[in-house]
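Here the structure comes first, spelled out in structure tokens, and everything after it is commentary.
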There are 2 protein chains.
Amino acid sequence: MKRRPPVSIKTVAERAGVSPATVSNVLNAKPSVAPELIERVRSVVAELGYVTDSNASRLRSGKHSLAGVVVPDLSNPMFGTFVSTLETLAREDGFDLLVVSAANDVEQEKERLHAIRSWRPAGLIVIPCDGALSQRTPPSMHMPIVVVDRLPDAPDFDLIAVNNAQSAAAISAHLSEQGYRSCTVAGSMLSISNIRERWEGAASAAGDMTLSMVEVGLEAKGIRRRLHETLTQRRPEALFALDHITGLIAYQTMTDLGLSAPGDLAFACFDEAEWMRLVRPAITTVRQPIEEMATAAWQQLSRRMGGNADPVRTLRLACSVEVRGSTLREGGRSSTAA
Amino acid sequence: MKRRPPVSIKTVAERAGVSPATVSNVLNAKPSVAPELIERVRSVVAELGYVTDSNASRLRSGKHSLAGVVVPDLSNPMFGTFVSTLETLAREDGFDLLVVSAANDVEQEKERLHAIRSWRPAGLIVIPCDGALSQRTPPSMHMPIVVVDRLPDAPDFDLIAVNNAQSAAAISAHLSEQGYRSCTVAGSMLSISNIRERWEGAASAAGDMTLSMVEVGLEAKGIRRRLHETLTQRRPEALFALDHITGLIAYQTMTDLGLSAPGDLAFACFDEAEWMRLVRPAITTVRQPIEEMATAAWQQLSRRMGGNADPVRTLRLACSVEVRGSTLREGGRSSTAA
DNA sequence: AGTCTCCCGTAAAACGTTTTATGAAAAGCT
DNA sequence: AGCTTTTCATAAAACGTTTTACGGGAGACT
């Protein structure tokens, strides 16, 4: 591909026989440019394929059109859907998104938050790895930040989350209603705020069911090993996974061990993925409203970027609980009083 | 959060009692700065939390640290994994990624490719919606572009793809070996080059098996409807889905119709997802080497961004075929000569 | 015909950095 | 002591835009 010097506003101006200021006025639809000049400039822009340098434009005008998104891991489909929805909304408002991920590592998250500042985004939407954001967002970080999904460790941030405790409680109550006497709750780490909320919610509604918590970590091999231990040492009657990746590996582990749901082991997961409907029996899940979370997050960030200085705001969205075959005992429902 | 005027290199210079040029020299580790000044500048940078404006830096220095990635849809886990891997590699080379997606729409892809240019990325990695890239990358678009997964419609681009035809042929041959006499091959659209290659590959190795192609489109409802029609009108003995989303919806449709694999309908898919191993029987798949594709794409783009002007290059990576229960007939293998 | 007002195009400055050229001071050499 | 060379700090320019202030010309009014 033959390399040609890049086209700048000066090139366009020279070719059109006007000044760079006139080209800028045309491109930015400023009033009081003669129709003849408008036509001439537009024609040259099309001919040369000129595209304004958004960085230079922001430098001079101060007007932003970039926002940043920081997520723990783009391989997780939940985050992929989240970012995809955000992008659609951002584009409608004339923004592009700079998307970075932290590989589920708090040190990388710190580095990513630092690095993203250098692009001067107008604001940030952050799904933190664990929530210790105030350590990673120094006082000099002035841009508005909306936190999603995990609770930040300081009250300075707008937060969009789901009703973790209540939804996990619903699962716990359901399992208890079905007559299960013991349940292991598996989650990555209790230091991750939404995992802790879910555990606490589950614990609050266990009724007569004995609940225990196992922290399986974030690394697939470790998750697999701890779940394998859990299911082979003293197997509970039910297993409740508190996040998507834990749920996926939990299901793999129980199928590898030849355990079928719900007879050998009832299984529920706090996150919905398509495959959970496909396996037989289908899996009881808590479905998080990912697109609503993305919508609420973008709307709140838009307000902040627009100058809104209201007190910080927390929005909790409701999940839905999908009861499916993986937790239903034969006659289980009818044997318990409503 | 109290808004304070942003800190610039001038603020740092004033506070440190040096010139902006000295601050720049310190931050960029230029030789011949007195140790005392280095220490003073660093201390002020830390105190004020100053972060260089990468846009202004690139404007003056001409040195890039942003690359662009365009994918059809981030909700598709394959693209999520791809971008995640790219990001890790880019970061190792000191680059950030501007990630945009086209919502599987060629008009949006055109708009996205145009918009991403305004950020002046040093290069682009593009998974096109259908491959008609030369229409969406005008001659004025000089940055290096590496195309991934789908064939571009012009020979100007580096390409990283998989051996679609050969891998699909392997599935087709396997189905024929198993004794299936008819197979429907379902893919989004033949105008998408990798779908076309896969169909052609499957067709080339069908042997005695009757093959037919159904183009199901990209929109979930339409995919579901066409697959439903296909499976209820004149049901084939086998179904081979050519991409992930088609495979997911195909499996949903057959389970909704009460069809079990492989007895009622053998099922194979050209893409691997975790759930395909979890369902019973597990699904026969072609596993694409997503991380290797990302690695090869980044390496090639790095070379191009570094000034390499070798002729354009195509790299085809090999997929692996995972034969599982969804296509294995009882005694099917032993009845066919190797 | 002269004066005043309005329109329109643009020169120059500014944004935040980096680079380059320059000058002053210090160090080295004779 | 004087001259030459080297070091180091910085003034000014430059990157690609947008904004602002200014000047010239045209039109309107008397």
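Note that the coordinates shown come from a computational prediction; the quantities given were computed from them, not determined experimentally. Per chain, numbering begins at 1; letters A, B, ... match sequence-line order. Basis for what follows: all heavy atoms, side chains included, without hydrogens, waters or symmetry-related copies.
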Here the ring pair (Phe, Tyr, Trp, His ring centres under 6.0 Å) pairs for residues 29-88 of chain B, sequence neighbours left out, are none

Would you mind classifying the nucleic acid contact of [X] as base, sugar-phosphate or nothing, using non-hydrogen atoms under 4.0 angstrom?
{"X": "Thr52(B)", "value": "sugar-phosphate"}
{"X": "Ser24(A)", "value": "base"}
{"X": "Ser61(B)", "value": "sugar-phosphate"}
{"X": "Thr22(B)", "value": "base"}

Minimal heavy-atom distance between Gly123(B) and Met143(B), with the atoms involved, is CA-CB, 4.3 Å

**Message:** Could you check whether Arg91(B) pairs with Glu87(B) (Lys NZ or Arg NE/NH1/NH2 to Asp/Glu carboxylate O, under 4.0 Å)?
**Reply:** yes

- N-O pairing of Asp130(B) and Arg150(B) below 4.0 Å: no

Is [X] reaching over with its side chain to a backbone N or O of [Y], donor-acceptor style, under 3.5 angstrom?
{"X": "Asn308(A)", "Y": "Arg304(A)", "value": "no"}
{"X": "Asp73(A)", "Y": "Asn104(A)", "value": "no"}
{"X": "Ser84(B)", "Y": "Gly80(B)", "value": "no"}
{"X": "Thr81(B)", "Y": "Pro77(B)", "value": "yes"}
{"X": "Asn28(B)", "Y": "Lys30(B)", "value": "no"}

Sorted by position of nearest nucleotide on DNA chain D, 5' first, the leading residue of Val18(B) and Arg120(B) is Val18(B)

Note: for Pro20(B) and Ala56(B) on DNA chain D, the residue whose nearest nucleotide lies more 5' is Pro20(B)

DNA chain C: first to last nucleotide in contact with chain B (atom under 4.0 angstrom from a heavy atom), 5' to 3', is dG16(C) to dT19(C)

Ignoring hydrogens and angles, write down the donor-acceptor pairs under 3.5 Å from the side chains of residues 109-116 of chain A, residues two or more places apart or on other chains.
unit_1, atom_1, unit_2, atom_2, d
Glu109(A), OE1, Arg136(A), NH1, 2.4
Glu109(A), OE2, Cys129(A), N, 2.7
Arg112(A), NH2, Asp96(B), OD1, 2.6

Taken in chain and number order and not counting sequence neighbours, the residues that satisfy salt bridge (Lys or Arg N to Asp or Glu O under 4.0 Å) with Glu92(A) are none

Collect all protein-nucleotide pairs involving nucleotides 20-24 of chain D in which both atoms are nitrogen or oxygen and the distance is under 3.5 Å.
none

Would you say Lys63(A) reaches dT19(D)'s phosphate, i.e. side-chain N/O to OP1/OP2 under 4.0 Å? yes

- Task: May I ask you to evaluate whether Lys30(B) reaches the phosphate of dA9(D), defined as a side-chain N or O under 4.0 Å from OP1 or OP2?
- Result: no

The bend of the helix from dA1(C)-dT30(D) to dT30(C)-dA1(D), taken between the axes of its five terminal pairs at each end and rounded to 10°, is 50°

Rounded to whole Å, CD of Glu36(B) lies from P of dC8(D) at a distance of 12 Å

